[in-house]
Amino acid sequence: MKERFWLLDVNYEVKDHNPEIWMWGITEENERILVIDRSFVTYFYLVLDEKEEPEIVLERVLERKKEFPQVMKFEPLRRNLFGKPVDAIKAYCQDPDLVAKYSKALLKIDGVKKCLEDDIRYSMRYLIDNDITPCAWHEVEVERTDEKPPVQIDQVYVATSVPKRVEKEENPSLRVLGFSMICYSERGKPRPEENPVVVLSVATSYGGERLFVVGDHSDKKVIESFIEFVRSFDPDIIIGYGTNRQDWQYLLNRSRALGIKLHVDRTETEPHTSVYGHVSITGRANVDLLDFADEFPEIKVKTLENMADHLGVMKLEKRTIIEDIDFPVYWNDQDKRPILIRFAEENTRCIMGIFEVVRDFALQLSQLVGLPADQIGRAAVGFRVEWYLMRNAYEMGELIPERRERPYIPYEGGTVLEPKPGIHENVAVLDFKSMYPNIMIEKNISPDTCLSPSEPDPPSGVNVAPEVNHRFRKEPSGFYKIVLSSLITSRDEVRQRSKSLDPSGIEYRILDARQKAIKVITNASYGYAGWIGARWYIKPVAEATTAWGRSIIRDTIEIAKHTGLDLIYGDTDSIFVIYDQEKIEEFSKITEKRLALEIKPEKNFTRILFTEAKKRYCGLLPSGQLDIVGLEVVRGDWAEVAKDIQERVLELILKDQSPAKAVKFVHRFILDLRERKILYSDLIIWKTLTKPVEEYAVKAPHVEAAKLLKKEGWDLTVGDKIGYVIVSGSGRLYERVKPYFLATYPEVDIEYYVTNQVIPAASRILSLFNVKEEELLPKSSTTLFSFVDKH
DNA sequence: GCCTGATTTCTACCA
DNA sequence: ACTGGTAGAAATCAGGCG
């Protein structure tokens, strides 16, 4: 019989050296099924030394066959590696768990240069070779089975064919369960060995909400009720915020301490950490929404409440946010405890709402890249691109290179022009769309078309990169060219198709999510090519791409000047010119003809302001909106007071065109600040820990704040954002920092904020109008007051 | 030992 | 843990100075 299913998750089991693929699916009838495939034999390659005769190496391998009882066959063949044919032996291995061991042993045989594809997990191998895609529909021939594996599922089948992809856009009706929890410790970070989970708040996609709160006894009941609820609701997807890093580990350790099995999967295992550090729950997709926060760079401090606020799920002003440090205060106070519980419930609602926003994108990205839904979020951009490439390499008969360490050698990037400082009226921004991917396509830049300096030019000819002189064969089309062209055309197709659809409909939303996913992968391809960790890394590939980019922008500037356009600024793939319809049209025509790349007007600014700095400007759009780029306003490491004042100054300069008003505004703002009329939270400075605190070479303020937190019992890891304020006192700045929730408003050194935050941010703009820093300080009696304040 | 200017370290941005 | 180019703050170094 035939079954049609949507692939949710995949894992494998090995029994007596015999592997089984387990595919967890959802049918069109909304049944949960498990399809078991026992037919797939995995393999890896031995790449042979070109100096040796392949037959002789094969003989040597076969002589030792007995040492590899699980290898069913050694098959000599030719394959391509970086576009060049190589002799290889394909070793078919019955037991996937022995691949690593066997390949290591076989590598020692004379004439075996290296082993490839021995680091690809059995379940991924199965998906790639059979073109099976997570989060997509497939059809498979199956038989019912009498076996009763210990699984929670409607139906178990054994596959008698390989699942085949079927075209169908919409997702099945997924059961989603979201949760958040609160752990109690009197002081510092809760430790699962001793501190209980006091609140566990759960919600489902059916609209149900449940709350498990600790009673008089231990939290055993809380966790047990949670497990029971998960099993009875039987979700396909479990969502949370920070669950990969925090919650699951805590629940696991806490369960262990309480003697409970955290049995929330569809078999009989517990959540376990897997590739990329994501937590895997067999038969379900465990999705941590924090992993998708990076898709929104506007969110600077990636807390659940900030993400919910930014995505319009739950506005911050409608909430009472409770800091971790205050949990015990709220928990121990009978009157305040309900507020804490409500906080947890709201967090879970935020989680449900955020998932609504990111769901389509996440599932489409999973489908495009081919990584299961629970892994895709956790996988870094480089790995997403790489999995996409690996699937394509398989299709093209290219061997997948191994991952290896390489020395880091920097190379030159894009060109940035000196801006013309000051205010300009009517400025047009022209840019090359997807410049790097298009250069790679146009010049056939690819790991497999790149010629080494010793190689002669092939008959079909070469493209030679300017400055760096790397050569790329013109024929045949390279791996990157093929992959990138198909990405770009498929995105165009998707966008074309969605044009005829109702933007509020489900199909439109899915197609829009898909085109976004395609865009993300396309735009990351150049970065991938220059990443030393990439399997397909070849420095000249990245270096040539930027070299051609520089020559293109150089030519573009020449054409612009020649056309008589007034050039204001430019960065990598764009130029800013004074608007002149006729000249721009002429310019575009010449550019496209000469450079074979499309340059398009991106936007027009009614007015735009540049300082002397590159990569920093503020433009006024015809809509009245400010487009602020690179300046303090858009940076996450300045206090809100600095950002606010700069934004107001920019508004008064660009809209009202009144530096005088702006100066006045700064005066008033400083007065308010000195009277502590500004919110305390606007004084917090946030900075990321980019390495363990002990490894810093200098005493930086945020590191010193982090050390204080550690002393208080909070453990911090790389990537954590430290929020601190500057308090009054003497000595270096780093001696006057306090984590914001350990300080009080009266302790704050307001003059630091005046001098080192507000004034510099305002002056950055106002110095263009010859306003001196001293003129930004309010005069009047307050000067005396501040003198008193300071001493 | 203190001041000053130069250099290093650090983060977060832009394309 | 995708790239290089860039700004800017703060720490730190190096050298002058009775």
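Naming convention: chains lettered A, B, ... in sequence-line order (proteins, then strands); numbering from 1 in each chain.
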Exercise for the section: Could you check how far NZ of A:K615 sits from C1' of B:dC13, rounded to whole Å? Expected result: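 In whole Å, B:dC13 C1' and A:K615 NZ are 9 Å from each other.
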
Ignoring hydrogens and angles, state whether a donor on the side chain of [X] or [Y] is under 3.5 Å from an acceptor on the partner side chain.
X      : Y      : result
A:T688 : A:K721 : yes
A:N244 : A:D291 : yes
A:T606 : A:Y579 : no
A:H278 : A:D374 : yes

What orientation do [X] and [Y] show, parallel under 30°, tilted 30 to 60°, or perpendicular over 60°?
X      : Y      : result
A:F605 : A:F576 : parallel
A:F479 : A:W536 : tilted
A:F741 : A:W714 : perpendicular
A:F383 : A:Y276 : tilted

Handout entry: Outermost DNA chain C nucleotides near chain A [under 4.0 Å, heavy atoms]
Key =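 The protein-touched segment is C:dA1 to C:dT12.
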
Practice task
Answer with yes or no after comparing the ring centroid distance for A:W531 and A:Y526 against a 6.0 Å cut-off, counting only values under it.
Solution key: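 No, the ring centres sit 6.0 Å or more apart.
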
Practice task
Could you identify which residues of residues 689-707 of chain A place a heavy atom less than 4.0 Å from some atom of DNA chain B, listed by residue number, or say none?
Solution key: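 Under 4.0 Å from DNA chain B: A:T690, A:K691, A:Y696, A:A697, A:V698, A:H702.
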
So which protein N/O to nucleotides 2-4 of chain B N/O distances come out below 3.5 Å?
none

Problem - Comparing A:N523 and A:L417 on DNA chain C - which has the more 5′ nearest nucleotide - result: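 This one resolves to A:N523.
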
Practice task
Give A:F432 one of three labels, base, sugar-phosphate or nothing, depending on what nucleic acid heavy atoms sit under 4.0 Å from its own.
Solution key: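 No contact.
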
